[in-house]
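Computation of the quantities below employed the complete heavy-atom set of this structure, encompassing side-chain atoms and omitting hydrogens, waters and symmetry-equivalent molecules.
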Amino acid sequence: MPATGLAKRIRALQFAFLSPDEIRRMAAVKIITADTYDDDGYPIEMGLMDLHLGVIEPNLRCRTCGGRVNECPGHFGLIELAMPVIHVGYAKEIKRLLQSTCRACGRIIPEALTGRGVSFSGIEDSGGGFSRPVKEDIACPHCHEVQQKIVLDKPTTFRESGHKITPKEVRARLERITDDDCRQLGLNPKFGRPEWMVLTVLPVPPVAVRPSITLESGERSEDDLTHKLVDVLRINQRLRENRDMGAPQLVVEDLWELLQYHVTTYFDNQTSGIPPARHRSGRPLKTLVQRLKGKDGRFRSNLSGKRVNFSARTVISPDPLLSINEVGIPVEVARALTVPLDVTPQNMEAAQTLVKRGPAPPMTDGVYLPGVNYLVRPDGQRIKVMDKNAEACSAMVTPGCRVERQLINGDIVLFNRQPSLHRMSMMAHFVRILPYKTFRFNLCDCTPYNADFDGDEMNLHVLQGHEARAEAKVIMQVQEHILSPRYGGPIIGMIHDHITASFLLTHHDPHFNEAETCYVLSKSRMPMPPPKGHEKNGQPFWTGKQLFSLTLPEDLTLEFRSSICSHKSGADPKEHAQDDCLVVVDNGQLLSGTIDAKAIAAGKGVILDAIARNSGPARARKFLDEMSRLCITAISLKGLSTGIDDEDVPPDARKHIAKVMSDARETVEKLVDQYHDGKLDQMPGRSLEETLEVQIRSTLSKARDQAGDIAGRFLGLDNPAVILAKSGARGTMLNLTQMTGAVGQQSVRGERLLRGYYSRTLPHFARGDLGAESRGFVSSSYKTGLSPTEYFFHSMGGREGLVDTAVRTSRSGYMQRRLINALEDLRVEADGTVRNTAGTIIQYKYGEDGVDPSRSVQGKPLVIEEVLREALGKKYRTELELRGEGITGTTVVGEEEQDLLAEAQQEEEVEEEEGEEGGGFEGGEGGGEGGGE
Amino acid sequence: MTESKAEKLSQEIDRLARGEGVALPTVILTDTSEKLAQHRGIENEDVRKVAKELVRRFRKVEVDAHESVGIVAAQSIGEPGTQMTLRTFHYAGVAEMNVTLGLPRLIELVDARRVPSTPMMTVYLDRGIRAEEKKVHEIALKIEVTNVPDVAAIGTVVEELKVVVTPRPALLAARGLARSDLDRVLSESLDKRYWTVSNGSGGGEGRTFEIHLAETPPPRSGKEPDEEMPFKKLLAAAEEVRGIRIKGLSSIKRALIKKEGAEWVIYTEGSNLAGVLEIAGVDRARTTTNSVFEIYRVLGVEAARTALIQEANRTLAEQGLTVDIRHIMLVSDLMTNEGDIRAIGRHGISGKKTSVLARAAFEITANHLLRAAITGEVDELKGVAENIIVGQPIALGTGAVDLIYRPAGGSSGNHTRSKAKPAPGAPETHEAPKTPEPPAAPVPPAP
C-alpha cells in the first residue's frame, strides 16, 4: 500500500566480497552448458537460462521457488572456473598486497608500512589501506627470503623480475597473508579475504537480470551479459578438457589467458589495454561496469531517478483566468489519473455511487463527472472497474476497500517543467478540469518554470498519500514560492502584456465611462466603486488608478519611482508629476505614478514584494489573480499594437544619422592613417595595434549611440514600441535604436571581426584594411535593411551567440550538478548550526545570522525604519524629517541602493534578451556594459 | 555625541533581546540604535518597544530547523549560471587588462584551481603615498618584473662565439634602471666558470656587453666528455640571458597604475601576494589578489574563505545577477571546512563523502563500489542520495522529523520510529481508527 508509513527501514548497507563458499551456497544451479534454449525454445538444463535461475516467460514456473514471472525474484547460478583468474577491478589492489608482503611467507615486510611514501595523504587516497612497494633485494625479516620486484602488466598480468606469476600463484600468496596483516594493510578480513580477489568460481546472475528478447520475426536475441557468459563457459570447458587431457603447457596457458580475457571483459568491457569484446554487428558489448556507469547507467538513470506512475505530460498553454495556484487539466488526463480513496463507514455510500458510474461517466451538459478506474478490496485484490462490471463493483464496496477515483476540481497535484534548476521548477497546483488537450496555467507562473508556449511540454504528478498532500499544500503551493530564496524578492509576478496593460491603465490616469468600467472589472469580479467624478456632460467617470487600487490591500502604503522614471532620486516633485512616474500608494489607494515593471513585474515588483511580505502569500495570490484578470480586460479595451512603421523617423533624421555614420567612418580612417604614419599615441600598457582597436571601437560605439539618440528623439511614450520598452514589458531602448538608428559593431570573441580570408574578412576588401565597414561595423538599421556584407557580418556575430548558448548550458549544468552533489546533505539543525551527514559543523549559525533568504528583504533580515515606525508610533521621524530638524546623521543610502539594484536588473534583462536572440553586437561604452553577448 | 548614546542603546536592546532568547545580528543592533539615537524624547519604554518589535520580526525571518539550506544554496548559485556570459571581458576598472569573468570564473572558483586563468592583483598603498602618482609609479616599477630583453637587444655572433647584449638607454630609463644595473645582473647571474662578460663597442649608456665562452670548456658532471657543438651552447647562453630578471617580482608581468577616487592604485597582471606584501609602502590590509589559493597560502584559510566569498559575489554581481550572500557563504564555508580549500566535485567534497552509494551515484561508479568491498565499508544511509537510491524518505525538512505513532487500540502494529522529538504542537499520541490511515502529517514549519 502506498505511503502509509514504513514498516521497515534499511538502516545501513554493508559492502563485502563474495567468498567462493558464499557464491556456491547462493547458487541454485551449476551452469556447465554454454547454451541457452533448445530447438523448441525450452531452456536447456544447466544452461545459461536454466529454470532454476528464475523465469522470464509468463507460463513457466521457477524450479527453485516455484514462483511465476512476477513472483520469483530470480536466483543466482555459478560457473566453476577450471583455473583461477584475476578480478580486473582488484588488479591494482592485488599488486599493492603482493608488493608489501613476503613472496615466501606472506607476512608484511615492515618497510612497506614505514618511511617515505607513506604520507597522510597516502592514507586518505587509498581509503584507509596504505603501504608502499618494498624495494627489491630486501630480505623478509620473518623468513629471510629475498624479495623481488613485482610489476603489473596491465590489465591483469603480474610479473616478478620478468617472470609471469600465474593467478594460481597469486592466489596462493594472498592466502598466506594473515588476518592481522590484512587489517594492517587496510583490508577487513571479516568482509573479505584477499585471495577472494582471485576468482575460482563465477556467480551467474539470474535471468531476470539478463532477459532475452523475442523479436517480431520470432527470433530470439540474448542479452550482452548472456553472450559474455557463453564465451566464458565455452573457453572454460575447453581449458578444462585440455588441462585434463594433459595438453601442452603452451596450449593450456593460451586458453587460460583467453579465459582471463573473457572474465575481464565480462566485468568491464572498457578495460584499457585490451580490445573490447564485440557483438557480431561490431557494437561493443555492454557488460557489468557499463551497466552501472555514467548518465544512462543503473545509478544515475534508475536509482537516483525513477520512473513513476500517476503522472502525465502534455503541451502547455496560457489561461489568464486561472488562479496562479491552479492548473487546467484536460478531461482525458483527468480520467487516466487517480487518487486513492479509503472507504470508511462514513463515506461508503458516496464511494458506492462513485463506483457505480464506472470509468467513463458521460458528460452531462458538458460537465465532467469523475469516475473510478480501480477498486482494491480489503484482501488486496485489484479489480479494474469497467462499464460492464460497475454495478457489481459498486456492491463490493465496503469499509476497508480502496477506490481509485479520477481527478476532480480541487485535487492537489505537482506540476513541473524541466530542466528543474531550482525548487520553483516543481510546485503544487489545484486541479481545474477543462476541455481541450493542453495543461493550462496563469501567465505569472511562466517565470519560475521558465516556460513559454512555443511548444513547451510539462509534467504533472498526482499525490497519493494524505501526508504528501498535506505537505504539498503547505510548502509546495505556488503562492508559497512568490518570494524567491535566491535573492529575497518576488520571482512570480506580472509579465509582458500585464505590464503594458497596467501602464495603459494607470499612466496619466485615463478616464473610463460606466460601460468601460463595467467591462474592465467584469473578469476580476471586483465590486464597482462609486465614480470618481463627473465629466462636463454629467456622465460619471472612473479613473485607471482608481480601478487599479481595487486590487491593493487596504493597509498598503509606499512610495517609489516607476521604471519609466528618468529623473534622479530626490528630483523636483513637479518633474515627476509631469511624467507621472512617482508612485505614491497611501492606504491602498494609488495617488500618483504609473504602475509598470518596477511595481509588479516578476523579479523586481516593489508593490508585489510589499504585499507578499506584509500581507502574506494568500493575499499576494489574490493580488496576482485579480491583476491578471484586470490587465486582460484593460488591455483588450485599450489595445496596443506595434508594427514596423513605429520605427519610422523623418527623412531629416535619417540624413542626420547617415552624416553621423560617415563622420565616424572618416574618424576611423584618420585613426588608421595615424597608425600607419606612426603618429598614434600609444596607451600605457597597450601595444600600438591594441590602442588603435580601442580607439576605433570607442569612436564607432559613440557613433551608434549618437544615431540612437537622434532616432530616440522621435520615439516618445506615444509610440507603442517605446511603451513596451520603457515600461519594462518587453525589449529595451537599445533594441529600438538598433531598428531605427544603426545596428552597430559586430563582434566575435569580444573583438572586431577579423577572421575569414587572409588578412581580410571578405574578398571585397583590401588586405589589411582596418576601416569600419571591413571589420564588421553595421551602419544600417534593421528598418533600412543591411547590405550584403553587413548581413554576413551580422550572421557571424549571431552564430557566436548561438554557439555560446549551447556551450553555456552544458557547462553550467555540470557545475550545478556538482554543486548539488556537494551540498545536498547540508541542513540546519535544531540548534541553528549547519551540518553535513557526518555531523561536521559547516557553519555555527546559518549565514552568520540564521536568517532565511526567502524571508529576508533583499538579503536584509528586516527593515529598521518599519520597526521604528511600528514601535515608536508618533515619535518616529523619517530620515528626511530628521535632517529637517537639524540632527546630523548618517547619509541616506536607501534610494541610491534601490537605483543600483534597478540598474543591475535592467542589465540582466538586456543580457537575457541578447542571449536568446544570440545578437553579437558591441554594447555601449567600448564593450563595457551591454556587451556583445 | 550620538556615538556613546548609540552604543548604550545597542547594548540595552541586545540585553532585552537576549532576555527573549534571540541574539540579534550586530548590524541590526548598531543600525537600529544609531537611528534611534537621532530621535528625540526616547524613553526606556520606547527602547523596550523597539527591542520587542525587533525580536518579533526577527523570529519570523529565521530559518526553520532541518531546512535543506545546502540544496537551496546550490540551486541559487547554479540556476543563474545559464544566464551568464562565457567570455573574458575587460575588467571594469582597467580597460587595459583582461580578466576572466562570468561562468568560466565561477567554475574556476568552485573548482578550487591553484592558479586562476588570469591572475591579477589590486595593490593599495599606504596613506602617506597613495595620493602621489610619482611614488606609486616607483612602486609599480618595483613590482613589475623586468627581464633583460625588456631593456636590451640580445644577439649572437656565431663565428666569434659570443652573445651581444645591446642596452636601450630609453627603455632602461623608463624602468628606472641604468647600464650599471644590467652589468651587475649579468655578471652575477652567469656562471663565471663558463662565461666571461666584457664591455663591447659603443659608448655611454648604450655600450654593449659581449659574453664569450670561457677558455675552459665546462666540465659536465659525471657524464661522458661533452660532445655538444659550441654554437649550441652559445644559443643556450643567449636563452639564459633572456631569462635573467633584473628586478621586480616573479610572475608579475605587468603593473599599471590607475586613479581611483583620491588615491592611486596599482593593478597587476600576474600575482605574487607574498612578494608584494614585503614591499614597503604597500597597504597590507587592503591589497588583494584574485588567486584564492595564494591567499590561502599566504594568509590562511579564513582569509581564503573571505576571498572566495568576495570573488564569487563579485563575479555574480558583475553579471547583474542577484544571489543572496548566505548561499555563497555556505559554499565557501563548505569548501574551506577542513582547513584547506577543497573543490566542489569528484576530487574534493563529493569524492570524500562518507556514503558509498552517494559517491557511486556521482562519478566513477565502479571504483567506489569495488573499494567499498575491500575495506568492508558500511553505508549508514544518512544522506540524501543514498536514501533516494534505496527508496526511503530523506532526512531533510519534514523528513527529518518523526512522529511517535501509538495506535489507540492494541500494541500489535506498534511500529514506533522515534529519532527526534515530535514537532512542537503535534499530538504525541494519535487516536487513529483501525483503517490504515497514516499518522497526521508532521507539522510543517509555519509559513
Inset, instruction - State whether B:E79 and A:R486 are salt-bridged, where the test is any N-O pair (Lys NZ or Arg NE/NH1/NH2 against Asp/Glu carboxylate O) under 4.0 Å. - result: yes
Legend entry - Residues B:D111, A:R818: salt bridge by 4.0 Å N-O rule: yes
Inset, instruction - May I ask you to decide if B:F362's main-chain N or O and A:R300's side chain share a donor-acceptor pair within less than 3.5 Å? - result: no
Inset, instruction - For chain A, find which of B:L369, B:N367, B:V47, B:I325 contributes the most heavy-atom pairs closer than 4.5 angstrom. - result: B:L369
Inset, instruction - Given salt bridge (charged side-chain N to carboxylate O under 4.0 Å, His left out), test A:R855 with B:D64 step by step and report yes or no. - result: CA-CA 11 Å; A:R855 294 172 194 171; B:D64 300 315; 2.6 Å; yes
Legend entry - N-O pairing of A:E865 and B:K35 below 4.0 Å: yes
Legend entry - Interface moiety of A:I820 toward chain B, non-hydrogen atoms closer than 4.5 Å: both
Inset, instruction - Look at A:R869 together with B:E53 and state whether they make a salt bridge at an N to O cut-off of under 4.0 Å. - result: no
Inset, instruction - Would you mind checking if A:E866 and B:R57 are paired as a salt bridge, meaning a charged N to carboxylate O distance below 4.0 Å? - result: yes
Legend entry - Carboxylate-amine/guanidinium contact A:D849 B:R326, below 4.0 Å: yes
Legend entry - Pick from B:M335, B:H327, B:R48 with the largest number of heavy-atom pairs that fall under 4.5 Å of chain A: B:H327
Inset, instruction - Answer yes if the side chains of A:N821 and B:S350 hold a donor-acceptor pair under 3.5 Å, and no otherwise. - result: yes
Inset, instruction - Check whether A:Q14 gets within reach of chain B through its side chain, its backbone, both or neither, counting any heavy atom under 4.5 Å. - result: both
Inset, instruction - Under 4.5 Å, counting heavy-atom pairs only, tell me which of B:T365, B:I71, B:I349, B:L370 racks up the most with chain A. - result: B:L370
